[in-house]
Amino acid sequence: LAAFDRANPPAGAQLDIPGIGAWLRGALAEAARLAEITAIVPVGHGAAGVLMAGDAPLAALDYEAEPPREIAAAYEALRDPFAATLSPRLPGGLNLGAQLYWLEHLHPDVWPKTGWMLPWAQYWAWFLSGERASEVTSLGCHTDLWRPYERRYSDLAIGRGWAERMAPLRGASEVLGVARSGFGLPPTCQVYCGLHDSNAALHAARGMPELAGAPFAVVSTGTWFVSLASGGAGPDAYDPAEDMLANVDVDGRPTPTARFMGGRDYEAWMGATLGAAPDATRLAEAAALDSWRDAPPVLRATRAALELARRTDHALGLIAAEGPILIEGRFADDASFAAALAALRPSQRVLRSPLADGVAVGAARLVSPTPLP
């Protein structure tokens, strides 16, 4: 196995498409020297899209960029009811629909008159294969663009002419074509449509034998802590004020979800002591601290893990999570976080994913759906 990383430096309101593209070319060429690459499955977060003017990427907004106040206010009045989209109104550009409305004002001669919109994962599928596609896990994650129960575009997307300018809908597991030349890849390398990152983590979990055939929950951890319920009765209601939403899985089904920005908060709590290892045997001591941010690094890290567990317990309660709970991602290695969460939810097993990267494994299961050993 090999991994290639690239820092994502701040680039103002725009994502660095040229920089990412150059890095990707180099990373793929290097990977092709290490192994035969037969398939590529792009995965991306759900709050970005690329406006295409013909075959040229024109704009891709960073979701942390704030639209002008008057644009944000006007957009608010256009959205479908929350009950229809299960997509809460989020800050900045975290609703992809808000970005598309902003683009109407930034590029009125292109969007939506003649331009095309590609969701973030599917832009990279196009970059690699030359084939345009949209896909439901990317459209159904707090975008305001999809009605998950009706399995169709929102009235907002249809009414503003966006839906007809989105690339054709394809399944996440569909092969769009083979890799273009110039990447150092075999000419037979297949490029798949790809999917949203949290849904890839969920798809990986569904391949684990210990989770098969019954309800379970996944806590996908990183910058965001995303709790998803698979199976079960689900919540009685969704509360947008709690950052509850329905993601849409690879089969197009609504998936109860609650989120918070746990990784970003953890970094802020830890400050200069970031990197200190927590101690699962000192959870009670950490919980008793009055001023834990002035505590020694090990206790500070342990208390931070406990705070993340408390917030995760709340999120799991919101989505009425049933059955085992699988922690995957960056905090799966944190025994303190898992132990604290297990103490808060004694009626459910808490498992730490053995997978180095559940998102990558979920993507790989689109190529080979055989359950994991």
Side-chain angles (χ1 to χ4, degrees), residues 5 7-10 45-48 62-66 88-95 141-142 196-198 201 217-229 239-245 247 256-280 282-319 321 325-345 350 352-353 357-359:
D5 297 320
N8 190 28
H45 69 77
D62 188 312
Y63 68 66
E64 292 191 297
E66 290 284 349
R89 182 69 176 107
L90 300 173
L94 279 167
N95 298 113
C141 53
H142 57 83
H196 170 233
D197 52 8
S198 297
V218 173
V219 180
S220 183
T221 65
T223 301
W224 291 91
F225 275 48
V226 183
S227 296
L228 306 101
D239 184 353
E242 293 275 14
D243 204 355
M244 288 184 72
L245 62 142
N247 274 293
T257 304
R259 321 169 313 152
F260 62 93
M261 222 171 191
R264 186 76 58 84
D265 290 341
Y266 185 83
E267 292 171 0
W269 295 337
M270 294 301 295
T273 63
L274 184 65
D279 186 344
R282 302 180 72 177
L283 282 168
E285 184 182 355
L289 291 172
D290 291 327
S291 179
W292 61 276
R293 300 189 191 199
D294 297 324
V298 62
L299 283 180
R300 185 168 180 166
T302 306
R303 179 58 179 268
L306 180 58
E307 293 299 317
L308 290 175
R310 286 173 173 167
R311 295 179 70 182
T312 301
D313 172 53
H314 179 67
L316 291 167
L318 289 173
I319 61 175
I325 299 164
L326 177 72
I327 302 169
E328 78 86 37
R330 172 179 160 191
F331 286 82
D333 290 336
D334 187 339
S336 296
F337 171 62
L341 185 60
L344 291 167
R345 303 189 74 82
V350 174
R352 294 159 61 195
S353 175
D357 189 338
V359 170

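Not measured: the values here are computed from a predicted model.
Contact of the Ser336 side chain with the Leu306 side chain is not registered, since no non-hydrogen atoms from C-beta on lie closer than 4.5 Å.
Residues meeting the salt bridge (Lys or Arg N to Asp or Glu O under 4.0 Å) test with Glu66, sequence neighbours left out: none. Residues forming a salt bridge (Lys or Arg N to Asp or Glu O under 4.0 Å) with Glu242 (at least two apart in sequence, or on another chain): none.
In this structure, Pro88 and Leu245 approach most closely via the heavy-atom pair CD-CB, 3.6 Å. Heavy-atom minimum distance, Leu283 versus Ala340: CD1-N, 3.8 Å. Here the closest non-hydrogen pair linking Ala301 and Ala276 is CB-O, 3.5 Å.
Atom CH2 of residue Trp269 and atom CG of residue Leu274 lie 12.5 Å apart, to the nearest 0.5 angstrom. Atom CG of Leu341 and atom OG1 of Thr312 lie 6.0 Å apart (nearest 0.5 Å). Taken from CH2 in Trp224 to CG in Leu94, the straight-line distance is 5.0 Å, to the nearest 0.5 Å. Between Phe331 atom CZ and Leu308 atom CG the span is 5.5 Å, to the nearest 0.5 Å.
Remark: of the listed residues Leu228, Val350, Leu326, Leu316, Leu316 is the sole one forming a side chain to side chain contact (heavy atoms under 4.5 Å, CB included) with Val219.
The pair Arg303-Glu307 counts as a salt bridge, with a side-chain nitrogen and a carboxylate oxygen less than 4.0 angstrom apart.
In summary, the aromatic rings of Phe260 and His314 are positioned with their centroids too far apart to meet the 6.0 Å limit. Between Tyr266 and Phe337, the ring centre distance reaches or exceeds 6.0 Å.
Under a 3.5 Å cut-off, the side chain of Arg300 and the backbone N or O of Arg293 do form a donor-acceptor pair. At distances below 3.5 Å, at least one donor-acceptor pair connects side-chain atoms of Arg352 with backbone N or O atoms of Ala332. The closest donor-acceptor contact from the side chain of Thr302 to the backbone of Asp279 lies under 3.5 Å. The main-chain N or O of Gly46 is never found under 3.5 Å from a side-chain atom of Asp197 such that the two would form a donor-acceptor pair. Under a 3.5 Å cut-off, the side chain of Asp243 and the backbone N or O of Ala258 do not form any donor-acceptor pair.
Applying the salt bridge (Lys or Arg N to Asp or Glu O under 4.0 Å) definition to pairs two or more places apart or across chains, those involving residues 327-343 are Glu267-Arg330.
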